[in-house]
K.L.:
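Have a look at the structure that comes next, please.
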There are 2 protein chains.
Amino acid sequence: MKINPNHLNLLAAIIDNGGLGEGAVALGKSQPSVSRTVSMLEARIGARLFEKGRKPVRPTELCQSLAAQGRIIAQATQTAEQTTDLYKGGRAGSARVAGTPIFMDGVISGMIASFQRSFPDVSIHQTYGYLADLREQLIAGTIDLGICPVRQDQVPDALSFKPLLPGRNVLACAPSHPLARKSALTLSEIAPYPWIAPPADSPLYEDLRDALSSIGISDFRVSFTGGSLASILSVLAGSQALTVLPYSVVFMQRHIRTVTSLPVRLEHPDRQLGLLWQSDRKHLPAIARFRKYIESEFDELSQQINVRGRDSIWRR
Amino acid sequence: MKINPNHLNLLAAIIDNGGLGEGAVALGKSQPSVSRTVSMLEARIGARLFEKGRKPVRPTELCQSLAAQGRIIAQATQTAEQTTDLYKGGRAGSARVAGTPIFMDGVISGMIASFQRSFPDVSIHQTYGYLADLREQLIAGTIDLGICPVRQDQVPDALSFKPLLPGRNVLACAPSHPLARKSALTLSEIAPYPWIAPPADSPLYEDLRDALSSIGISDFRVSFTGGSLASILSVLAGSQALTVLPYSVVFMQRHIRTVTSLPVRLEHPDRQLGLLWQSDRKHLPAIARFRKYIESEFDELSQQINVRGRDSIWRR
DNA sequence: CTTAAATCATACCATGATGTTATGAAAATA
DNA sequence: TATTTTCATAACATCATGGTATGATTTAAG
């Protein structure tokens with residue numbers, strides 16, 4: 001006995017609306033149409049679905065059972081319709097994002113959190129990687145977006161790049177650090193403290209060397225090398241070490257006061273934090289929406305940095 | 001976005017079988033058919049359902065979500081098909097049965113129990129009533145079957161009657177009763193004990209008078225009048241009262257030893273316990289099956305009564 | 001009990017979805 | 001590169017499904 005889901009749905013509509021006519025209206029069809037469908041069904045099944053000669057039709061027990069399944073079907077198709085609408089509107093789906101650990105943990109993950117408050121049905125898969133790795137994964141299609149500091153002339157072929165923020169680094173230390181209170185610093189004041197370095201394969205490592213040499217420090221003691229922001233911050237908090245961090249990362253931590261910046265102007269690298277994606281690839285709605293969100297968040301972030309930077313942190 | 005449940009089902013079939021061709025086979029269709037349906041769906045929805053240019057097709061995230069609903073739909077239609085098969089085979093549905101309380105409780109309910117062991121999806125609705133009431137309800141269609149002792153010439157118009165068992169009554173008492181051990185009884189031995197009578201509107205009440213007068217007792221003391229078998233049996237057990245019960249009822253209790261019959265041959269009424277139903281009404285499969293079951297059970301019962309009656313109970 | 005209203009069934013026609021076969025294109029595989 | 005696998009397209013057939021008009025039957029009202 002092969003049954004069409006639509007027919008079960010139809011039975012449910014008839015019962016729930018109390019008649020062929022009402023059911024037809026609910027289904028957006030004409031009364032004769034559903035009448036004929038019911039007749040056909042009864043013939044096919046070989047059993048009555050509605051009691052004979054009752055004018056507002058009265059469903060058989062079998063019909064009630066079938067209608068119950070019909071309601072399940074109606075429910076399922078409705079959620080299907082809903083999810084396609086969500087999906088097409090970029091309100092459902094998933095995005096796979098990868099980037100450098102420090103930025104992902106320090107800036108992006110917070111934005112992901114607020115993004116998901118607005119779009120709870122979009123799932124974000126976050127992984128870590130540096131430029132070469134990101135490029136490979138973008139080409140292979142295992143990630144949708146990369147977030148990474150890149151020199152404009154280093155953007156790999158076949159990838160598009162959208163700058164989000166200039167790559168500015170700052171000297172950072174724990175808020176409890178002896179230097180944190182001073183309004184100006186000399187080289188000799190900085191010199192005694194040990195340094196925390198990012199992993200050697202990170203672009204930040206190079207930054208650290210360049211930054212320090214730009215202020216005249218060529219020889220420094222590395223007391224800790226860590227791959228993740230969390231490890232750097234916790235070592236920072238428990239020691240008097242200094243490190244170099246992207247200003248945006250330090251800025252994002254401003255409310256929880258785990259790290260602060262020192263009033264030393266470093267030479268900033270000629271890279272820009274930005275988004276990477278495969279050039280010829282049209283993004284799914286959810287990914288496009290996420291990208292837009294990130295871009296707008298960085299827009300806002302850079303404005304805040306400008307405002308705040310003038311009076312409090314960007315001091316010399 | 002209006003979606004056809006069949007299409008969701010189709011997506012599920014494609015994914016679960018790993019390709020358009022396999023899916024088509026599983027659905028009993030041709031490959032081009034499902035291919036075109038998928039294309040149409042993608043156009044309608046306005047989003048890809050399978051990644052472009054992958055030769056064993058690979059479903060999109062959206063497609064996976066839709067397929068999940070498709071599986072729900074497939075499940076629902078399958079159970080619908082199953083229930084119609086059960087229903088048509090009389091293995092699902094319900095039957096509304098009414099009858100005289102003593103027979104229903106003493107004989108029929110036990111048969112219902114064993115029936116439902118074989119056909120657990122058939123629900124039986126049991127109510128009580130005497131002939132006039134049963135007739136009314138059968139005509140009105142509020143019950144499907146009646147079970148009642150009826151004189152063949154009293155069968156109401158528009159009803160059919162199928163005899164199950166001759167209406168034989170016996171004197172009954174508790175197994176602990178002083179008379180229960182005796183192999184023969186005289187009128188004077190019976191006379192001292194009080195009597196339990198069925199309710200006055202029951203046909204059994206008339207039987208009681210007739211039966212007792214047939215053995216010469218015209219004046220008797222009624223100590224209890226009860227409507228249900230359970231109440232009669234419990235009073236019987238706690239007293240030295242006697243009563244008149246249908247032999248089949250006493251017989252059905254033979255294993256639990258709550259009641260026994262006395263070796264007195266009563267004049268039996270010219271009625272037959274039998275099934276009643278509306279003549280022109282075609283029964284639903286489940287009802288027909290239940291009726292058949294009851295008939296065969298009574299067949300067996302009357303054979304057992306015959307065998308056992310000869311040597312143990314039908315003594316004079 | 002008759003009449004009116006409500007509700008469903010049937011007849012007829014139109015069309016769109018769905019199916020089939022034949023065949024071509026593209027990806028995967030050897 | 002050649003071959004196989006897998007999917008897409010074209011052309012056609014047909015059946016399910018939809019609509020309108022209208023008749024029949026039950027229910028409700030007078």
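Letters go in sequence order (proteins before strands), and every chain restarts at 1.
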K.L.:
Got A/I45 and A/L66 here, is their nearest side-chain heavy-atom distance under 4.5 Å?
P.N.:
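In contact.
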K.L.:
Based on the rotation axes of five pairs at each end, what angle does the helix from C/dC1-D/dG30 to C/dA30-D/dT1 bend through, to 10°?
P.N.:
40°
K.L.:
Walk me through it: do A/S114 and A/Y293 pass the test side chain to side chain donor-acceptor pair (under 3.5 Å)?
P.N.:
CA-CA 10 Å; A/S114 72; A/Y293 186 87; 2.5 Å; yes
K.L.:
Given the rule in the side chain to side chain contact (heavy atoms under 4.5 Å, CB included) test, do A/L145 and A/H283 qualify, once you have shown the distances and angles that lead to the verdict?
P.N.:
CA-CA 10 Å; A/L145 289 173; A/H283 278 151; 3.7 Å; yes
K.L.:
Take atom CD in B/E206; do more than 12 heavy atoms of anything else shown fall under 6.0 Å from it?
P.N.:
no
K.L.:
Side chains of A/S228 and A/D105, heavy atoms from C-beta outward: is any pair under 4.5 Å?
P.N.:
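Yes, at least one pair of side-chain atoms sits under 4.5 Å.
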K.L.:
Taking only residues two or more places apart in sequence or in another chain, which ones pass side chain to side chain donor-acceptor pair (under 3.5 Å) with A/S109?
P.N.:
none
K.L.:
Would a distance-only check, ignoring hydrogens and angles, find a side-chain to backbone donor-acceptor pair under 3.5 Å from B/Q278 to B/A158?
P.N.:
no
K.L.:
Go through it in stages, so that I can follow the logic: the residues are A/E295 and A/L164, the test is side chain to side chain contact (heavy atoms under 4.5 Å, CB included), and I'd like the CA-CA distance, side-chain angles, deciding distance and then a yes or no.
P.N.:
CA-CA 7 Å; A/E295 288 172 5; A/L164 296 172; 3.9 Å; yes
K.L.:
Whole-Å distance between C/dT7 P and A/L20 CG?
P.N.:
11 Å
K.L.:
Can you list, by residue number, the residues of residues 49-60 of chain B that have a non-hydrogen atom closer than 4.0 angstrom to DNA chain D?
P.N.:
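Result for residues 49-60 of chain B: B/K55, B/P56, B/V57, sorted by number.
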K.L.:
Starting at the 5' end of nucleotides 17-22 of chain C, put B wherever the base has a protein heavy atom under 4.0 Å, S where only the sugar-phosphate does, and a dash everywhere else.
P.N.:
-BBBBB
K.L.:
Using a cut-off of 6.0 Å, state whether more than 12 heavy atoms not belonging to A/R271 lie near its atom CZ.
P.N.:
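More than 12 heavy atoms, drawn from other residues, nucleotides or ligands, come within 6.0 Å of this atom.
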K.L.:
Of all residues at least two apart in sequence or in a different chain, which pass the ring-ring contact (aromatic ring centres under 6.0 Å, His included) check with B/F119?
P.N.:
B/F115
K.L.:
Evaluate whether atom CD of B/E136 has more than 12 neighbouring non-hydrogen atoms of other residues, nucleotides or ligands under 6.0 angstrom away.
P.N.:
no
K.L.:
Around atom CZ of A/R281, are there more than 12 heavy atoms from other residues, nucleotides or ligands closer than 6.0 Å?
P.N.:
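Counting neighbours around CZ of A/R281, 12 or fewer heavy atoms of other residues, nucleotides or ligands fall under 6.0 Å, so no.
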K.L.:
First and last nucleotide of DNA chain D in contact with chain B, 5' to 3', at under 4.0 Å to a heavy atom: what are they?
P.N.:
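Using the under 4.0 Å cut-off, the span is D/dT6 to D/dT9.
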